[in-house]
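Beneath this line is the structure, given in structure tokens, with notes to follow.
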Amino acid sequence: MRYSAFQIFKNALGGNTGWKPVWREPEPKPKYDVVIAGGGGHGLATAYYLAHEFGVRNICVLEKSYIGSGNVGRNTTIIRSNYLLEGNTPFYELSLKLWEGLEQDFNFNAMVSQRGVVNLVHTDGQRDAARRRGNAMRMHGVDAEYLDAQAVRDMLPFLDYRNARFPIKGGLIQRRGGTVRHDAVAWGFARGADSYGVDIIQNCAMTGVRRDGNRIVGVETSKGFIECGKLALCAAGHSSHVAEMAGLKLPIESHVLQAFVSEGLKPFIDTVVTYGAGHFYISQSDKGGLVFGGDIDGYNSYARRGNLATVEHVMEAGVAMIPALSRIKVLRSWGGIMDMSMDGTPIIDKTPLDNLYVNAGWCYGGFKATPASGWCYAHLIAKDAPHPVATRLRLDRFRRGYLVDERGAGAQPNLH
Amino acid sequence: MASLIQCPHCGARPKEEFSIKGSAEAERPAPDAAEDAWFEYVYQRDNPIGRIEEYWQHTSGCRRWLVVERDSGVHTVYRVLDATAARSSE
Ligand SMILES: Cc1cc2nc3c(=O)[nH]c(=O)nc-3n(C[C@H](O)[C@H](O)[C@H](O)COP(=O)(O)OP(=O)(O)OC[C@H]3O[C@@H](n4cnc5c(N)ncnc54)[C@H](O)[C@@H]3O)c2cc1C
Ligand SMILES: [Zn+2]
């Protein structure tokens with residue numbers, strides 16, 4: 001069914017009994033041209049674009065739990081393309097452009113909201129870095145604007161402007177950045193892929209890989225063996241785990257990142273704001289909850305929960321930035337497992353095996369990349385050649401010394 | 001993870017007093033080792049689910065380097081040794 005205002009009207013007259021499940025729940029077929037391991041945002045987007053753009057339709061997506069149970073349903077929903085480095089800016093800008101047309105393209109309301117993303121600056125050094133990043137973005141045709149202290153004050157009156165240690169001197173804003181309803185992204189891509197006949201197989205974990213020399217023959221799963229022409233890994237926090245099944249070691253560590261949501265409030269914060277003096281960022285969901293988070297906990301983890309010390313740190317940073325937060329109740333907190341790469345930049349590439357592909361290393365920033373990641377990965381799988389904006393996201397860049405280290409922290413993921 | 005970590009020198013101390021460096025399992029190659037060995041050491045990770053050994057430093061305490069054995073899947077801490085003791089027991 002194609003969603004439209006007319007359908008809403010028609011179904012309302014029918015007592016809303018006409019709505020049907022939006023994807024099937026098929027049993028796996030014995031063989032597919034492409035098996036995608038991991039049904040997060042990236043796996044589903046890859047399946048959708050393979051079918052929609054590249055004409056590859058005999059695909060299944062294996063998801064060990066349910067669609068949206070991973071990071072795609074755990075992130076703080078921020079999208080932006082405010083990156084500095086050559087290899088990153090065009091990739092994330094492609095993603096932002098895809099977000100701008102996504103809802104029309106896959107006919108699903110993902111609540112894409114370009115409410116702007118402001119990065120606050122508190123020192124002369126931070127101002128210089130923000131201006132430099134803004135200029136790099138503008139040279140790539142990306143929107144960026146430097147706001148002086150007064151402009152920030154007019155826009156965000158609720159910040160603490162009396163902090164002597166960390167005065168707010170201005171901020172870099174990308175007005176086209178914003179938020180997207182993350183669950184709807186998973187559902188929209190799943191529905192879109194399903195409409196082309198892609199099998200989305202939930203509660204089906206990949207448990208092993210059958211190899212014949214340098215070729216993957218198929219995958220062992222909790223629902224039996226599935227033969228495949230190509231195997232596309234897309235397991236985010238579990239990337240090392242699934243790669244190991246194929247005998248591949250990755251430059252990745254898994255770390256936990258926490259996020260929080262408050263009780264529902266009246267409209268308060270109409271943009272995304274990041275603190276420059278601590279690890280804190282915040283936005284307000286359409287339901288009214290304040291959605292916020294900070295840094296990763298800082299140790300390797302596959303447990304989807306974090307430490308109280310980090311909770312305390314995030315709350316302190318939040319109250320330092322917005323004193324009014326001190327009286328707000330936190331409703332929920334949760335954690336997700338991040339695939340932290342050694343330079344903070346993702347990998348979309350072929351592997352030393354003939355028909356094995358890898359999509360991993362998204363760190364804490366892969367939600368915004370979902371459409372471009374799917375598109376570029378689909379391009380790579382369908383054509384065996386990288387998409388022009390993803391040529392730097394190579395697996396062998398670490399060995400060859402071509403890192404894309406946006407943060408400049410080196411191979412120490414707990415500092416990224 | 002446990003809120004209290006048993007430092008072999010200082011006793012039970014809050015976890016926030018410690019800084020975590022990362023895996024203690026890979027051995028640092030000799031300075032003149034081949035490029036491949038350095039690539040493996042600097043960039044490649046086993047990243048297992050389960051028991052791991054890590055270097056921690058008791059930064060707000062005795063400042064000694066420690067080896068902590070814990071579970072990356074469930075956060076249980078099994079053992080904390082001084083790094084020198086951990087290395088000589090191997
Ligand atoms: C708290 C938090 C906040 C974040 N905030 C932001 C943000 O504001 N902006 C942003 O851009 N990014 C953010 N991120 C990062 C972003 O969510 C991730 O980088 C991105 O979602 C990862 O891609 P994915 O959606 O495919 O991952 P996932 O949804 O995790 O998909 C991977 C899937 O693989 C499945 N899987 C694993 N192993 C197997 C197996 N053996 N067999 C079958 N399936 C398997 C998992 O169950 C999972 O569903 C945040 C992440 C977290 C945790
Ligand atoms: Zn000590």
Side-chain angles (χ1 to χ4, degrees), chain A residues 235 237-245 248-256 258 296-313 316 335 337-345 347 360-361 395-403 405 409-416, chain B residues 1-7 12-29 33-61 65-80:
Chain A
H238 282 73
S239 292
S240 303
H241 187 224
V242 293
E244 196 195 349
M245 296 177 194
L248 198 69
K249 196 163 157 180
L250 297 178
I252 282 177
E253 284 178 19
S254 296
H255 285 250
V256 62
Q258 305 191 62
I296 55 176
D297 270 35
Y299 46 84
N300 289 51
S301 172
Y302 282 95
R304 287 184 178 131
R305 62 191 134 77
N307 239 81
L308 281 173
T310 307
V311 176
E312 188 177 19
H313 179 84
E316 282 171 357
I337 303 307
M338 324 284 25
D339 36 335
M340 303 296 294
S341 69
M342 292 300 137
D343 58 358
T345 296
I347 297 160
L395 175 59
D396 66 0
R397 67 176 182 266
F398 303 94
R399 189 188 285 276
R400 294 165 61 247
Y402 287 90
L403 276 67
D405 195 341
Q412 188 65 38
N414 60 359
L415 302 182
H416 284 173
Chain B
M1 210 182 310
S3 298
L4 291 176
I5 300 293
Q6 200 69 36
C7 174
R13 300 291 286 262
K15 191 197 140 288
E16 300 87 277
E17 289 189 359
F18 300 80
S19 313
I20 304 177
K21 167 76 172 70
S23 174
E25 265 142 90
E27 216 165 294
R28 195 181 173 84
E35 232 169 67
D36 266 359
W38 278 103
F39 161 70
E40 279 286 325
Y41 175 72
V42 176
Y43 295 117
Q44 296 285 72
R45 298 287 188 274
D46 287 330
N47 196 20
I49 307 177
R51 274 193 188 235
I52 55 170
E53 279 188 3
E54 276 173 341
Y55 284 124
W56 289 35
Q57 191 187 16
H58 193 182
T59 25
S60 307
W65 278 95
L66 311 169
V67 170
V68 174
E69 192 186 351
R70 62 180 187 90
D71 195 303
S72 65
V74 292
H75 289 175
T76 313
V77 177
Y78 298 112
R79 199 171 65 145
V80 185

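Quick caveat, the model's predicted, so the values are computed rather than measured. Just so we're on the same page: letters track the sequence lines, and every chain starts at 1.
Using modelled atom types, no side-chain atom of A:N307 and backbone atom of A:T310 make a donor-acceptor pair closer than 3.5 Å. The backbone N or O of B:P48 lies less than 3.5 Å from a partner atom in the side chain of B:S72, making a donor-acceptor pair. In this structure a side-chain-to-backbone donor-acceptor pair under 3.5 Å is missing from A:D343 to A:D405.
Counting heavy-atom pairs under 4.5 Å between each of A:M342, A:H241, A:R304, A:K249 and chain B puts A:K249 at the top. Between chain A and the residues B:D71, B:V42, B:D46, the largest count of heavy-atom pairs under 4.5 Å involves B:D46. Listed options A:A309, A:S239, A:S301 were ranked by heavy-atom pairs under 4.5 angstrom with chain B; first place goes to A:S301. The candidate from B:N47, B:V74, B:I20 with the greatest count of non-hydrogen atom pairs under 4.5 Å with chain A is B:N47. Among A:H238, A:E312, A:E253, A:E244, the residue making the largest number of heavy-atom pairs under 4.5 Å with chain B is A:E253. Put simply, of A:S341, A:G298, A:G306, A:S254, the one with the most heavy-atom pairs under 4.5 Å next to chain B is A:S254.
Interface residues of residues 395-403 of chain A toward chain B, defined by a heavy-atom distance below 4.5 Å and sorted by number: A:F398, A:R399, A:L403.
The shortest side-chain heavy-atom distance between A:V311 and A:Q258 falls under the 4.5 Å cut-off. In this structure, A:P251 and B:R45 have side chains that are not in contact, with every pair of non-hydrogen atoms separated by 4.5 Å or more. Side-chain contact check for A:N414 versus B:K21: every heavy-atom pair is 4.5 Å or farther apart. Within the 4.5 Å cutoff, the side chain of A:I296 has heavy atoms near those of the A:M338 side chain.
Both the backbone and the side chain of A:R305 come within less than 4.5 Å of a heavy atom of chain B. A:L308 does not touch chain B: none of its heavy atoms, backbone or side chain, sits under 4.5 Å away. Contact annotation for A:Q412: only side-chain heavy atoms (C-beta onward) come within less than 4.5 Å of a heavy atom of chain B. Using a 4.5 Å cut-off between heavy atoms, A:N300 contacts chain B through both its backbone and its side chain. For B:Q44, the parts lying under 4.5 angstrom from a heavy atom of chain A are both the backbone and the side chain.
Applying the ring pair (Phe, Tyr, Trp, His ring centres under 6.0 Å) rule to A:H313 yields no partners; only residues at least two apart in sequence or on another chain are considered. Take B:W65 and apply the ring pair (Phe, Tyr, Trp, His ring centres under 6.0 Å) test, not counting sequence neighbours, and it matches no residue. B:S3 pairs by the side chain to side chain donor-acceptor pair (under 3.5 Å) definition with nothing, not counting sequence neighbours.
Salt bridge status for B:R51 with B:E69: present, with a side-chain N to carboxylate O gap under 4.0 Å.
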